[in-house]
Each structure stands twice: as C-alpha cells, then as structure tokens.
Amino acid sequence: MQNKIVLAYSGGLDTSVAIKWLKDTYHADIVCVCVDLGAAKNLEGIQKKALTLGAIASEVVDAKAAFAQDFLLPALFANALYEGRYPLATALSRPLIAQELAKVAQQHDAFAVAHGCTGKGNDQVRFELTLMALAPHVKVIAPAREWGFTREEEIAYAGKHGIPIPVTVNSPYSLDVNLWGRSAECGSLENIGLMPPPDVYDWTTSPEQAPDAPAIVKIAFDKGVPVALNGNNMALLDIISELNRLGGLHGIGRIDHVENRLVGIKSHEIYEAPAAVVLLEAHKDLEMLVHPKDVTHFKTAIDKKFAEMTYNGQWFHPLMGALQAFQARLQEPVTGTITVKLFKGHVSVVARESANSLYNFSLATYDKGDQFNHQAAVGFIQLFGLPQKTLALLHEKQLAAAQS
Ligand code: ARG
C-alpha cells in the first residue's frame, strides 16, 4: 500500500505542525525534504528536527549549484524583473523545490506531496503547476489551506503535541530567503501608508549609513554568464554571494513593491536583492551594447513574458522553454566587462568594454575623425517623414476645399 507523503520542510512552525497533522489526517508516513538554496541556516538542525517530530525520513538537498545554473542564469539572460521591479527570487525557487519533491516522491513511491503554502499566495500555484507538469499522478496536499487553524489555534495545536514553537513566530514578517534575494511581507508592511520599519531589512545597510566612498566593481561576462569580479575568475555562486555582501554593504537592492499577485490581489513586499540588482543592471547594459536595436527592442517584450511566466509558476510550460532558447541564443555576443559603481543605495554602470561592442567611435563622435555621412541624413529624413508630409498636404487641401 502506498502510504507515504513527501513534505517540503523548512523547520518553521507551519511545516512542523504539518508533520503531525498529515500523519494523523492521512494515516501516512511523512518524508521531509529541505532544499538548500543558499540561505537556510542550520540545515542539520532542521533535518534532525523533522525526525524528532515524527518523520520517517528527512532529506536535505543541496540545490545551490542547480539553482544558480538552471534558474538564476536564465533569469539573468532574460533581464527578469516582474513588473519592472522584482527580481523573482521566491518565484524562481519554487519550481526547483517542487522538482526535488517530485524526485523524492518517486524514490519513496509516495502517493502525495505536501507544501506549507496558504490559499492566498502565489507559491501554492508555483508548486502545484510544477508538480502537475512533472508528476501528474501525484496528489498535492496543502495542510495550511485545509486545516483552517487561526494563528492562535495553530500555536495551541503545536503546544498540545510538543511541537517546539520557533522564535521566528514572533517575527512580524513572513520571510522567504535564497541566494537571489530576501522577500518580506505581512506585519506593518500591510499598511501601505506607513514607511517600512528599519527592522524589515537584513541584508542591506540603509543608504544613509552606507560608506561615503563608492565601490567600483568590474564584472566580466562570457556569453552572458558572469565569470569574474575585478579580474578574478569566480564560480557563479561565489559571484552572487560576493555581490550580495558588497552590494548590501552599499545599501543596494532594496525594493519596495506593491505587486499584482496571480490570485488577483495586490500585496506589499519588501525585497532585498543586492546581487540580482547589480548583475541585472550590468547584464542588460552589456546586451544593449552588443545587440542591434531591433534585437534589444524585440527581446524586451520576450523578457517581460519570461518574468510574468516565472512569477505565475509556469516554469515547465513549453512556451517557457522556447523563450529561454531565444534568450540563450542571444547571449552569443554578450561577452565583455561592465564597470559598476555602488554608492549609497544606487548601482550605476560607469564604463563598458566589449570586443562585440556595436558602439562605433567614428560614427558617434562629434569631434575630429567623424565618419558619419551627414548628407545621407537629408534623403533619409525625406523618406522617413514622407507619410506625415503626405497626410499634412492632404489635410491642407481638405481644409481649403471646406472653406471655399
Ligand atoms: N510576493 C513574492 C512572490 O510572490 C514573494 C513571496 C514570498 N513569501 C514571503 N513570505 N515573503 O514571489
């Protein structure tokens, strides 16, 4: 008989309560899985805690490298910002976590997979769409959507069953953290008329308190992939960690977003994403330098679609694969070095170099050496403006006829 449920376990209150609740409600054995995406602390403790709370197995999956390579890199190639602001840290992590859950479910021949999402957010959609695409026969259970506990009832349930209540229960915010960023919602953030309290930030110095001297960083890209910082070759994971540290120090990457959720509501989120903001800025700038105008303009529309589909949990949709193939193909010339300045909450591109640069000094200069054909502009303007001129002449004629 199949009687196992694989639970996405974080060590927090909801998923800890879920172990006991699932066991009792479904008379099943619980296998916990914690996916390491570069932010969780004390994974060993989390792993042990699941066993203490009655799971029959507890696995920690180190998915950092896969996250960087298969999720963050495509997002960078897509210059991905949902609604022009949110670098999608949480959204990018869900399909990977769900993919790992599906694998473990198969290994354990589990009949169901469970996650701790509520019925109001985007994450339930992302988990479940991924599972529908990768493991269509596996049942999905969302305890927090089913049990109907208030916060107090949940804490009481935990107390009654000896489930430790983590100190983070007292945190006023709901947090989600990984390599690509930190997302905070709830608490006083729900009142959008109030400024976010300083304690909502954890990764970034406030711009006011950031160092008075800027940091200048040279970021080298090879076919769209960040490969070195200030001339030192580094693995993508290390580049991201270092830019999170340095960018955070300079107050970079604070994002205050009232966003449109997939489930129809607007919600207020505070993001911190120093590395994402810096890398996206640099990558986009280099793309603009090496791509012809038509490519840049057309790709912008494709990139927007990528961000929306990622936000909406459609990572394993066939259209997503096609968008990614398009974006990957266009990384071919994206090789070069972008110099950024990090200063008091702002990242700005201050210098660019690329063997594939389409910036041509002799065409651009207003000084000696100008090779632009100024005379060609005359004929160009005549033809470019011809439709407008034709219309204006017609209007003139019609006006004259009406007045006579
Ligand atoms: N609103 C963001 C998203 O839908 C982040 C949600 C993360 N969860 C949290 N507890 N802050 O991707």
Side-chain angles (χ1 to χ4, degrees), residues 36-39 62-81 87-89 91-93 95-96 99 178-181 215-247 252-253 273-292 295-296 298-300 302-307 309-310 315 320-340 342 347 349-359:
D36 178 10
L37 297 175
D62 180 354
K64 294 192 289 285
F67 189 44
Q69 194 62 33
D70 303 336
F71 292 79
L72 303 185
L73 214 45
L76 187 62
F77 290 177
N79 303 311
L81 289 175
L88 293 158
L92 286 159
S93 72
L96 175 52
Q99 177 183 286
N178 65 49
L179 263 179
W180 205 232
I216 304 289
V217 187
K218 283 181 180 292
I219 306 173
F221 290 87
D222 180 20
K223 296 191 197 307
V225 183
V227 289
L229 292 183
N230 294 326
N232 302 314
N233 288 331
M234 288 162 75
L236 181 58
L237 269 181
D238 298 330
I239 290 180
I240 295 171
S241 303
E242 173 56 11
L243 289 176
N244 274 331
R245 186 197 66 78
L246 188 63
I252 314 288
V277 165
V278 171
L279 287 171
L280 287 164
E281 189 67 22
H283 177 267
K284 188 165 182 187
D285 200 275
L286 182 56
E287 272 199 347
M288 300 244 288
L289 193 64
V290 301
H291 284 159
V295 172
T296 301
F298 189 78
K299 184 170 180 291
T300 303
I302 304 300
D303 291 350
K304 183 163 173 276
K305 186 71 182 167
F306 172 101
M309 290 188 77
T310 300
W315 188 265
M320 185 55 133
L323 300 180
Q324 286 187 29
F326 171 87
Q327 287 150 343
R329 162 78 184 267
L330 288 173
Q331 299 311 301
E332 191 65 30
V334 187
T335 296
T337 299
I338 297 293
T339 306
V340 293
L342 312 181
V347 52
V349 172
V350 290
R352 302 112 172 128
E353 287 169 54
S354 170
N356 302 326
S357 168
L358 296 174
Y359 176 86

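Since we're looking at a predicted model, the values are computed, not measured.
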Could you check whether any side-chain N or O of [X] sits under 3.5 Å from a backbone N or O of [Y], counting only pairs where one atom can act as donor and the other as acceptor?
| X | Y | result |
| --- | --- | --- |
| Trp180 | Pro87 | yes |
| Asp36 | Lys64 | no |
| Ser357 | Glu353 | no |
| Asn178 | Ala89 | yes |

What distance separates [X] [atom1] from [Y] [atom2], expressed to the nearest 0.5 Å?
| X | Y | atom1 | atom2 | value |
| --- | --- | --- | --- | --- |
| Ile252 | Leu342 | CD1 | CG | 5.0 Å |
| Lys305 | Thr300 | NZ | OG1 | 15.5 Å |
| Phe298 | Asp303 | CZ | CG | 10.5 Å |
| Leu72 | Leu237 | CG | CG | 8.5 Å |
| Leu229 | Leu246 | CG | CG | 8.5 Å |
| Leu81 | Leu88 | CG | CG | 7.5 Å |

A side-chain contact here means heavy atoms from C-beta on lying under 4.5 Å apart; do Gln327 and Asn79 qualify?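 Not touching, per the 4.5 Å side-chain cut-off.
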
When you compare the side chain of Leu37 with that of Phe71, does any pair of heavy atoms fall below 4.5 Å? no

Just to verify, which of Leu92, Asp70, Leu96 counts as forming a side-chain contact (heavy atoms from CB on, under 4.5 Å) with Trp315? Leu92

Applying the side-chain contact (heavy atoms from CB on, under 4.5 Å) test to Thr335, which of Val290, Asn356, Leu286 qualifies?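 That would be Asn356.
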
Chi angles and distances behind the side-chain contact (heavy atoms from CB on, under 4.5 Å) call for Val340, Glu281: CA-CA 9 Å; Val340 293; Glu281 189 67 22; 5.6 Å; no

How close do [X] and [Y] get, counting heavy atoms only, and between which atoms?
| X | Y | result |
| --- | --- | --- |
| Phe221 | Ile338 | CE1-CG1, 4.3 Å |
| Ser241 | Leu179 | OG-CD2, 4.2 Å |
| Leu289 | Ser354 | CD2-CB, 4.3 Å |
| Pro226 | Ile239 | O-CD1, 3.5 Å |
| Gly253 | Val277 | CA-CG2, 3.9 Å |
| Met309 | Met320 | CE-N, 4.1 Å |

Do Lys284 and Glu287 sit within salt-bridge range, that is, some charged N less than 4.0 Å from a carboxylate O?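 Answer for the salt bridge query: no.
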
Steps toward side-chain contact (heavy atoms from CB on, under 4.5 Å) verdict (Phe67, Ser93): CA-CA 7 Å; Phe67 189 44; Ser93 72; 4.1 Å; yes

Steps toward side-chain contact (heavy atoms from CB on, under 4.5 Å) verdict (Gln324, Phe77): CA-CA 8 Å; Gln324 286 187 29; Phe77 290 177; over 6 Å; no

Test log, rule side-chain contact (heavy atoms from CB on, under 4.5 Å), inputs Asn230 and Lys218: CA-CA 5 Å; Asn230 294 326; Lys218 283 181 180 292; 3.8 Å; yes

